[in-house]
*Asks:* 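First, the structure itself, so that you have it in front of you.
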Amino acid sequence: MEKSIEEIWKDGFLKSDALIAPKINKLYSQKSIHIIDKFKRMFRKNLIAIAVGSLSFLIVSYFLHIAVMGVLFFIMMMALLFINIPLLRELENIDKGQNSYDYLKTFSHWIQKQIAVNKRFATFMYPILFVAIVVGAWYSDTGNGYLGERIASGILVVFPDTYLVFGVPLFAIVIGLIIIALLIIFGGRIYMWDLNVIYGRVLKKLDELLEDIEKIRSQDTA
Amino acid sequence: MSTDFYNTYILPFSGIIIKLCRAYTNSQEDFEDYYQEVCLQIWRSRDNFREESEWSTYVYRISLNVCLTLLKKKKNNVQHYASDYLPAEETEDNYAFSDESLNQLYDAIRQLSEIDRAIIMLYLEEKPHQEIADIIGTNANNIGVRVKRIKIRLKKLLDGKIN
């Protein structure tokens with residue numbers, strides 16, 4: 001007579017070779033391969049790199065006489081840190097002992113929140129970084145006055161009719177504003193392109209798993 | 001990890017951990033990685049255990065959640081979710097059980113969705129519907145309905161009626 005799946009299961013695991021646990025060595029010191037732990041490690045590394053990098057640049061910028069650029073860049077990066085440290089804490093608090101639905105939902109929410117927060121930030125970050133570079137360069141002082149003023153004077157020699165606004169050529173202001181507008185428009189999108197590489201596949205999979213559980217949950221209301 | 005913790009709190013449940021990890025992998029190497037990771041995560045989550053449920057339920061939850069969200073390396077070193085390609089990929093010969101019927105059952109289980117795999121494994125472990133529902137995050141009635149459907153599908157798969 002044909003066996004039921006329950007019988008196949010029971011009989012199959014009665015054999016002694018079926019349930020041999022793999023040998024575990026120095027488990028505690030092993031590096032986790034779990035996706036959440038990988039994200040945590042990536043996040044921590046990025047935040048440390050941002051802190052160290054922006055502080056180093058602040059110091060270097062002083063000696064390179066581009067302190068304005070260094071300060072603006074530092075403020076921007078500190079804001080990025082300030083926004084992302086709570087996100088890291090939230091990631092660390094995801095409890096793998098919850099039921100699967102809550103666990104997957106929490107993880108999915110975390111990814112979506114982190115994307116939304118950083119996308120919004122990226123909309124401002126790229127234009128502000130651009131402004132930091134331009135303003136920083138303009139006010140860089142190597143002993144012969146500000147670089148921007150020297151460039152403006154040079155332009156006036158070649159094009160004496162150049163219209164200046166607060167000492168800055170008008171066409172340069174217009175070009176700068178166009179670049180800022182483009183960065184505002186595309187800043188979020190540039191960030192999303194990056195994110196798709198990191199989170200796209202994970203998010204898709206989480207959505208599929210959640211959808212499957214939601215189907216089961218909604219059976220009694222259907 | 002303390003050997004005592006492993007022997008006392010994990011080893012008694014190693015059976016279900018092994019069975020679950022087997023359902024989400026198809027090579028000995030991946031299976032060992034999964035088993036090790038599940039044990040590591042149980043150890044790391046030990047302080048979050050609130051005694052609102054049985055320790056065994058807690059172990060099942062962690063095991064399942066880890067299996068559902070683990071990435072494994074494919075042979076070309078690109079990381080994938082294990083379940084993304086299990087149905088299309090054959091299991092390694094040395095990964096098989098000595099019982100042929102059990103191998104066929106596992107092959108069929110691996111063709112189910114990830115959530116269905118979890119449900120049927122817990123059902124076959126004779127867990128009450130309520131406990132399965134607590135682990136998955138739904139209610140017991142719905143688990144009953146889903147188990148019936150999964151069994152029908154498994155039967156068809158075993159009979160070779162569908163691929």
Side-chain angles (χ1 to χ4, degrees), chain A residues 2-38 93-105 107 201-202 204-206 208-221, chain B residues 1-2 6 11 14-15 17-19 31-33 35-37 39-41 43-45 48-50 58 61-62 64-66 68-72 80-81 83-84 97-99 101-105 113-116 118-120 124 134-139 141-143 145-146 151 154-155 158:
Chain A
E2 201 183 325
K3 276 180 167 182
S4 67
I5 61 164
E6 290 88 347
E7 285 168 333
I8 296 171
W9 188 260
K10 226 178 238 177
D11 295 348
F13 283 110
L14 284 178
K15 296 186 179 169
S16 58
D17 70 330
L19 287 176
I20 299 168
K23 205 176 170 192
I24 290 191
N25 290 317
K26 295 177 183 169
L27 184 60
Y28 178 55
S29 55
Q30 290 280 339
K31 202 173 180 182
S32 169
I33 56 167
H34 193 267
I35 184 74
I36 290 184
D37 293 302
K38 284 183 176 177
N93 288 334
I94 293 178
D95 180 8
K96 297 185 184 85
Q98 303 175 84
N99 66 56
S100 297
Y101 183 71
D102 290 342
Y103 163 74
L104 296 168
K105 198 114 193 150
F107 187 26
R201 193 175 175 81
V202 180
K204 188 172 170 273
K205 197 69 210 170
L206 287 175
E208 283 170 10
L209 290 168
L210 281 166
E211 196 184 318
D212 204 8
I213 300 181
E214 272 158 8
K215 265 187 208 159
I216 302 172
R217 285 164 72 97
S218 62
Q219 268 167 9
D220 59 346
T221 54
Chain B
M1 180 168 67
S2 148
Y6 179 75
L11 207 52
S14 62
I17 300 173
I18 290 169
K19 289 169 188 173
F31 164 67
E32 288 176 11
D33 284 348
Y35 183 84
Q36 180 147 290
E37 187 62 31
C39 294
L40 176 63
Q41 296 299 340
W43 185 77
R44 284 186 178 180
S45 304
N48 292 337
F49 179 57
R50 296 278 173 271
Y58 191 64
R61 280 180 180 174
I62 295 171
L64 177 58
N65 289 340
V66 170
L68 287 176
T69 47
L70 255 182
L71 296 164
K72 75 172 184 178
H80 291 272
Y81 267 97
S83 47
D84 282 354
F97 294 107
S98 59
D99 185 305
S101 301
L102 186 60
N103 284 327
Q104 285 171 359
L105 179 56
S113 76
E114 295 97 299
I115 301 299
D116 283 353
I119 292 172
I120 200 66
L124 290 170
D134 288 343
I135 292 168
I136 302 291
T138 179
N139 68 49
N141 289 339
N142 296 352
I143 290 295
V145 175
R146 184 54 81 106
K151 282 175 71 178
L154 274 181
K155 187 85 180 59
L158 286 169

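Numbers restart at 1 for each chain; the letters A, B, ... are given by sequence-line order, proteins then strands. This structure is a prediction, so every number in the text was calculated from the model and none was measured.
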*Asks:* Roughly how far apart are I143(B) CD1 and R217(A) CZ, rounded to 0.5 Å?
*Replies:*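 Nearest 0.5 Å value for the CD1-CZ distance: 10.5 Å.
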*Asks:* Once you round to the nearest 0.5 Å, how far does OG1 of T69(B) lie from OH of Y103(A)?
*Replies:* 2.5 Å
*Asks:* Please give me the minimum heavy-atom distance between I5(A) and L105(B), naming the atom from each residue.
*Replies:* O-CD2, 3.8 Å
*Asks:* Counting only heavy atoms closer than 4.5 Å, note whether K105(A) contacts chain B via side chain, backbone, both or neither.
*Replies:*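 Neither; nothing under 4.5 Å.
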*Asks:* Does any backbone or side-chain atom of I115(B) lie under 4.5 Å from a heavy atom of chain A? Answer side chain, backbone, both or neither.
*Replies:* both
*Asks:* Nearest 0.5 Å, please: how far is CG in L68(B) from CZ in F107(A)?
*Replies:* 12.0 Å
*Asks:* Let's test your reading of the structure: which of L102(B), N65(B), I120(B) forms the most heavy-atom pairs below 4.5 Å with chain A?
*Replies:* N65(B)
*Asks:* Please look at R44(B) and chain A and tell me whether the side chain, the backbone, both or neither of the residue comes under 4.5 angstrom of a heavy atom of that chain.
*Replies:*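 Side chain only.
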*Asks:* Looking at every non-hydrogen atom in both residues, tell me the closest pair between F31(B) and P22(A) and how far apart they are.
*Replies:* CE2-CG, 3.6 Å
*Asks:* Heavy-atom pairs under 4.5 Å with chain A - which of N103(B), T138(B), I136(B), I135(B) has more of them than the others?
*Replies:* I136(B)
*Asks:* Is chain A contacted by the side chain of L124(B), its backbone, both, or neither, given a heavy-atom distance below 4.5 Å?
*Replies:*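 Both parts, backbone and side chain.
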*Asks:* Does any backbone or side-chain atom of I17(B) lie under 4.5 Å from a heavy atom of chain A? Answer side chain, backbone, both or neither.
*Replies:* neither
*Asks:* Is the closest side-chain heavy-atom distance between R61(B) and N99(A) below 4.5 Å?
*Replies:*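 Counting from C-beta outward, R61(B) and N99(A) do come under 4.5 Å.
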*Asks:* Counting only heavy atoms closer than 4.5 Å, note whether L104(A) contacts chain B via side chain, backbone, both or neither.
*Replies:*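 Contact with chain B: side chain only.
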*Asks:* Which atom names give the shortest non-hydrogen contact between D99(B) and G12(A), and what distance separates them?
*Replies:*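 In this case the closest contact between D99(B) and G12(A) is OD2-CA, 3.5 Å.
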*Asks:* Indicate yes or no: does D212(A) engage R146(B) in a salt bridge with an N to O separation below 4.0 Å.
*Replies:*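 Yes.
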*Asks:* Out of curiosity, D95(A) CG to R50(B) CZ, how far, rounded to the nearest 0.5 Å?
*Replies:*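 Going from the CG atom of D95(A) to the CZ atom of R50(B) covers 7.5 Å.
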*Asks:* First locate atom OG of S4(A), then atom CG of L158(B), and finally report the distance between them rounded to the nearest 0.5 Å.
*Replies:*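 The CG atom of L158(B) is 10.5 Å from OG of S4(A), to the nearest 0.5 Å.
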*Asks:* First locate atom CD of E37(B), then atom CD1 of I35(A), and finally report the distance between them rounded to the nearest 0.5 Å.
*Replies:*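 The distance works out to 11.0 Å.
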*Asks:* How far apart are the closest heavy atoms of Q41(B) and K96(A), and which atoms are they?
*Replies:*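 Nearest pair, atom of Q41(B) first, then K96(A): OE1-NZ, 3.0 Å.
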*Asks:* Closest approach of S100(A) and L64(B), non-hydrogen atoms and distance?
*Replies:*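 For S100(A) versus L64(B), the nearest heavy atoms are OG-CD2, 3.3 Å.
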*Asks:* Do you know which two heavy atoms are closest between G97(A) and I62(B), and how far apart they sit?
*Replies:* CA-CG1, 3.7 Å
